[in-house]
Participant: 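Got a structure here, written out as structure tokens. Questions coming.
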Amino acid sequence: MDSKKLVVDALLKVLPDEITEEQVQKLIEKPKTSDLGDYAFPTFILAKSLHKAPNMIAEDLVGKIDQAGFEKVVNTGAYINFFLDKSSFSNDVLHAVINDKANYGNQDEGKGRNVPIDMSSPNIAKPMSMGHLRSTVIGNSVAKIEKKLNYQPIKINHLGDWGTQFGKLIVGYKMWGSEADVEADPINNLLKYYVRFHKEAEDKPELDDEARAWFKKMEDGDEEALKLWAWFKDLSLKEFNRIYARLGVTFDHYTGESFYNDKMDAIVDTLREKGLLKESRGAEIVDLSDHDLSPALIRKTDGATLYITRDLAAAKYRKDTFDFVKSLYIVGSEQSEHFKKLKLVLKKMGYDWSDDITHIEFGLITTGGKKLSTRKGNVILLEGVLQDAVDLAKKQINEKNPDLKNKDDVAEAVGVGAVVFHDLKNERRDSFDFNLEEVVRFEGETGPYVQYTNARALSILRKAANLDYADADDLSLADPEAWDTIKLLQEFPAVIKRAGRIYEPSVIAKYALKLAKSFNQYYAHSKILNEDAGLNARLALVKSVTTVLQESLNLLGVKAPEEM
RNA sequence: GUCACAGUGGCUCAGUUGGAUAGAGCAACGGUCUUCUAAACCGUAGGUCGUGAGUUCGAAUCUCACCUGUGACACCA
């Protein structure tokens with residue numbers, strides 16, 4: 001079913017010998033619109049060697065090309081345009097999707113090998129903000145894409161459950177908090193202490209010293225400090241899990257930073273043995289000036305560890321435990337230097353697998369052009385956004401489809417889907433300013449648009465439930481109205497590959513929008529349930545579109561309600 | 001200051017490996033529900049692709065310089 005090969009072969013027969021198959025492969029392009037054919041070959045590069053104008057060359061070659069197997073081959077100016085045979089092409093594509101179902105587009109690139117994915121990683125005792133949404137949904141989608149390529153993703157929630165921040169929290173709690181307040185509304189009250197701490201520490205720097213001291217106690221195993229810490233953590237996880245459930249995200253491990261607490265000495269020892277550790281200004285560092293980077297701080301002046309120390313331990317642990325082929329980190333791009341350092345230090349330690357680590361970075365969400373900061377108290381709470389979106393979806397359902405069953409479930413799927421899709425539809429590196437109206441929009445290039453397209457298509461299939469189009473031998477569909485949709489269906493496997501190669505869920509989101517739009521155009525102009533010779537093929541097309549739309553949404557972590 | 005990333009219609013963004021008149025969505029204006037869900041479809045209007053050079057038959061795409069924005073730059077993560 002390799003239609004491009006058909007074109008390449010036809011060209012090779014008539015092109016001068018010095019042009020290789022590889023060159024032809026590279027030169028062939030897909031025209032922007034179907035009226036210029038399905039493949040095109042530009043003849044400019046032949047002009048010099050043949051001493052002829054490109055459009056003359058194109059005209060010449062068209063005369064020589066064997067047109068068998070094509071609908072037609074023509075030239076437009078300097079281009080040779082190939083039009084595929086719609087009947088056989090559609091027959092092949094539709095059979096492939098109907099047979100493979102949700103497995104359509106699966107690949108075996110990963111051969112079942114392990115790929116740990118460091119994702120979500122919210123900080124204990126802080127509410128989940130829109131910022132955490134990004135790491136969570138990108139990670140979730142990347143994991144699904146990896147799985148489709150037959151890697152074995154291992155989703156790790158690298159909780160921010162260790163560090164000086166807990167010293168601050170303990171200080172704040174002891175000064176202004178009470179057990180009753182925390183139990184009543186854990187995250188919000190803990191957040192209050194944290195924000196107040198930062199405010200007061202501006203005038204009273206001794207508070208920072210106190211906080212550092214408490215964290216040092218945690219590292220030294222102090223009972224009171226650890227008891228408070230465990231309590232904060234437990235309460236936080238309960239709230240996080242409620243949100244993860246709404247997003248449909250699960251994890252294989254919740255090994256946060258604290259998990260590596262007892263693995264830190266080994267890493268520091270190794271660094272020392274390899275002569276990488278140096279003392280500088282009272283702290284222990286790995287010098288990276290040979291790479292124009294500031295040093296990696298391994299131990300603070302007071303002996304406590306830092307972010308990178310824990311990440312070194314985590315990287316090593318993951319290699320030892322999972323024997324990964326690649327190890328992914330879904331973390332904001334503001335930390336790109338951290339990962340550069342992390343990989344470098346591992347490399348200096350002699351670990352070649354440092355090269356298999358990839359930082360999958362994403363852009364910042366800002367509000368009013370400013371970075372979200374828990375410390376300063378300007379956060380956009382994820383749960384609030386989800387609820388706003390779901391409420392709006394419910395309102396729309398009541399207006400547009402008041403008789404719908406299980407309205408609440410559908411509203412949840414549509415509202416949450418809109419938020420998740422919005423986050424994934426643009427390149428992950430792009431930063432965007434938060435705008436509620438835009439995030440919960442249901443029209444145009446949105447998640448609900450894709451969901452709605454799928455729901456309408458399913459509605460047609462319900463009306464044709466008594467027909468066995470799926471078993472029909474002939475699924476050829478020469479209808480030009482359906483052509484773009486059929487070609488898009490055929491592209492799906494290549495889309496998966498590309499999304500996987502560059503770790504970009506947006507590639508799939510964009511594809512889903514394109515497919516939905518193309519199908520909506522077809523739907524608006526053609527009557528599908530007509531009793532004529534093309535009925536089986538049309539129904540197979542509708543069925544294939546629902547299969548691929550649903551799988552696309554699934555890969556993005558968005559639900560596909562059957563009715564809405 | 002150094003490094004990284006970005007700059008495409010009023011707004012938000014597409015644009016594999018350079019290719020045919022730069023595409024969508026929102027917002028604006030106009031049209032389409034007695035027929036498979038109008039969260040849809042069709043049309044109109046709107047762009048010197050940050051600026052200036054260079055490479056090329058051909059540049060939004062590659063190179064260089066500059067401008068603007070954002071982020072990172074040792075005891076936070």
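Heavy atoms only: backbone and side chains are in, while hydrogens, waters and symmetry mates are out. Throughout, a chain's letter reflects where its sequence line sits, starting with A, and its residues are numbered from 1.
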Participant: Anything under 3.5 Å between a protein N or O and an N or O of nucleotides 24-28 of chain B, put it in a table, one pair a line.
Facilitator:
residue, atom, partner, partner atom, Å
B:A24, O2', A:Glu445, OE2, 2.7
B:G25, OP1, A:Lys517, NZ, 3.0
B:G25, O4', A:Glu445, OE1, 3.4
B:G25, O4', A:Glu445, OE2, 3.4
B:G25, O2', A:Glu445, N, 3.3
B:C26, O2', A:Arg441, NH1, 3.0
B:C26, O2', A:Arg441, NH2, 3.0

Participant: Could you measure between the two P atoms, the one in B:A4 and the one in B:A65, and give it in whole Å?
Facilitator: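 Comparing P positions in B:A4 and B:A65 gives a spacing of 11 Å.
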
Participant: Which nucleotide, B:A39, B:A77, B:U37, lies nearest any side-chain atom of A:Tyr307?
Facilitator: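 From the listed options, B:A77 comes nearest.
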
Participant: Would A:Ser333 and A:Arg429 count as having a side-chain donor-acceptor pair, cut-off 3.5 Å?
Facilitator: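 Distance-only check fails for A:Ser333 and A:Arg429.
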
Participant: Quick one: does A:Asn81 reach the base of B:A20 with a side-chain donor-acceptor pair under 3.5 Å?
Facilitator: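 Yes, a donor-acceptor pair under 3.5 Å.
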
Participant: When the P atoms of B:C49 and B:G25 are compared, how many Å lie between them, rounded to an integer?
Facilitator: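 To the nearest whole Å, 22 Å.
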
Participant: If you compare every side-chain N and O of A:Lys400 against the phosphate oxygens of B:A39 (OP1, OP2), does one of them come in below 4.0 Å?
Facilitator: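 Result: yes.
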
Participant: Is there a side-chain contact between A:Arg310 and the phosphate of B:A77, meaning an N or O under 4.0 Å from OP1 or OP2?
Facilitator: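 Checking B:A77 against A:Arg310, a side-chain N or O does come within under 4.0 Å of OP1 or OP2.
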
Participant: Could you label the plane-to-plane angle of the A:Phe339 and A:Tyr329 rings as parallel, tilted or perpendicular, counting under 30° as parallel and over 60° as perpendicular?
Facilitator: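 Correct class here is tilted.
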
Participant: Ignoring hydrogens and angles, state whether a donor on the side chain of A:Glu22 or A:Thr20 is under 3.5 Å from an acceptor on the partner side chain.
Facilitator: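 A:Glu22 vs A:Thr20: no donor-acceptor pair found between side chains.
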
Participant: May I ask you to evaluate whether A:Ser459 reaches the phosphate of B:U37, defined as a side-chain N or O under 4.0 Å from OP1 or OP2?
Facilitator: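 Yes, A:Ser459 has a side-chain N/O under 4.0 Å of OP1/OP2 on B:U37.
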
Participant: Dot-bracket for RNA chain B, please, read 5' to 3', with Watson-Crick or G-U wobble pairs under 3.5 Å on both distances, ( ) within the strand, [ ] crossing, | other strand, . unpaired.
Facilitator: (((((((..((((.....[...)))).(((((.......))))).....(((((..]....))))))))))))....

Participant: OP1, OP2 of B:U35 versus side-chain N and O of A:Lys527: anything below 4.0 Å?
Facilitator: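 No.
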
Participant: So, is A:Gln335 close to the B:A72 phosphate, meaning a side-chain N or O under 4.0 Å from OP1 or OP2?
Facilitator: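 A:Gln335 to B:A72 OP1/OP2: no side-chain N or O under 4.0 Å.
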
Participant: I want to check one thing: is the phosphate of B:U37, taken as OP1 and OP2, less than 4.0 Å away from some side-chain N or O of A:Lys463?
Facilitator: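 So the side chain of A:Lys463 is within the cut-off, an N or O lying under 4.0 Å from OP1 or OP2 of B:U37.
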
